[in-house]
Amino acid sequence: MLIKRVPSTDAPLDLLLEADPSVETIRGYLENSSCYVATIGNETVGAYVIQPMGDGAHELMNIAVAPAHQRKGIGVKLLNHAITMAREVGAQRLELSTGTFGYQLAFYQRAGFRVIAVERDHFLTHYDAPIYENGIQHKDRLRLALEY
Ligand SMILES: CC(C)(COP(=O)(O)OP(=O)(O)OC[C@H]1O[C@@H](n2cnc3c(N)ncnc32)[C@H](O)[C@@H]1OP(=O)(O)O)[C@@H](O)C(=O)NCCC(=O)NCCS
């Protein structure tokens with residue numbers, strides 16, 4: 001598997017939509033971000049988007065693995081790549097947002113991320129349509145950070 005940076009114009013939107021249901025939101029942050037894709041042969045199997053926040057922090061805006069390739073360790077490799085990339089450009093911490101429940105929370109916490117804030121009602125006020133996972137509606141959003 002190869003992980004390489006691509007121009008934002010070549011970002012795999014279909015894949016990024018697995019992690020964020022709003023194409024407008026994704027397009028908005030892609031402009032000021034770096035997008036990395038993971039490929040196996042000619043197939044794009046995963047991607048992440050990272051952005052400098054200032055203040056010594058970078059934000060992981062999106063991370064997604066193609067459904068047919070999930071649960072094979074690609075997500076962990078992409079997350080570790082993002083952690084290394086931010087560290088190499090001098091970041092002191094990497095932040096991200098995620099829902100308050102679900103396997104994604106454990107996925108990040110296993111990598112050392114910790115909760116730093118709760119944004120109540122974020123998913124109710126920032127998205128047009130309700131977002132459900134496992135039959136539960138996402139309402140609040142968590143901010144997580146990994147301190148280097
Ligand atoms: C989150 C995501 C990037 C993880 O990628 P992945 O390649 O499937 O993850 P890995 O194979 O590296 O899995 C690492 C661990 O995460 C956990 N995990 C991953 N997917 C899981 C699932 N569907 N259910 C339960 N646990 C899961 C497991 O503990 C797994 O380890 P294990 O397979 O040894 O049990 C991927 O599931 C994805 O693209 N999801 C949709 C988009 C998304 O939700 N992005 C994050 C937004 S906050």
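This is a predicted model, so every value here is computed, not measured. When a ligand or atom number is given, it counts from 1 through the structure's own listing order.
Closest approach of Ile63 and Leu79 over heavy atoms only: CD1-N, 3.7 Å. Phe101 approaches Glu133 most closely through the heavy-atom pair CE1-O, 3.6 Å. Contact record, Val37 with Pro12: CG1-CD, 3.7 Å, taken as the closest heavy-atom pair. Ala82 and Leu60 make their closest contact through CB-CD1, 3.9 Å (heavy atoms, listed as atom of the first residue, atom of the second, distance).
Counting atoms of ligand 1 from 1 in the listed order, those under 4.0 Å from a heavy atom of Val76 are 12 (O), 14 (C). Within the listing of ligand 1, atoms 5 (O), 6 (P), 7 (O), 9 (O), 12 (O) sit less than 4.0 angstrom from a heavy atom of Gly75. Each of the atoms 10 (P), 11 (O), 12 (O) of ligand 1 lies under 4.0 Å from some heavy atom of Gly73. Below 4.0 Å from some heavy atom of Thr98 lie the following atoms of ligand 1, by number and element: 48 (S).
Distances from atom 21 (C) of ligand 1 to the heavy atoms of Tyr108, Tyr103, Tyr48 show the closest one on Tyr103. Distances from atom 19 (C) of ligand 1 to the heavy atoms of Gln104, Arg71, Glu18 put Arg71 nearest.
The shortest distance between side-chain heavy atoms of Val65 and Glu18 does not fall below 4.5 Å.
For atom 23 (N) of ligand 1, the protein comes within 4.0 Å by at least one heavy atom.
Here's the thing with Arg110: one of its N/O atoms is less than 3.5 angstrom from an N/O atom of ligand 1. Remark: ligand 1 and Val65 share an N or O pair separated by less than 3.5 Å (distance only, no angle test).
Side-chain N/O atoms of Gln51 and Glu31 include no donor and acceptor closer than 3.5 Å.
Atom 38 (C) of ligand 1 has as its closest protein heavy atom Gln70 NE2, 3.4 Å. Considering only non-hydrogen protein atoms, atom 45 (N) of ligand 1 sits nearest to Ile63 O, 2.9 Å.
For Tyr148 (side chain) and Ile83 (main-chain N/O), a donor-acceptor pair under 3.5 Å exists by modelled atom type.
Evaluated for a side-chain hydrogen bond (donor to acceptor under 3.5 Å, both in side chains) with His122, the options His138, Arg141, Arg143 yield exactly one hit, Arg141.
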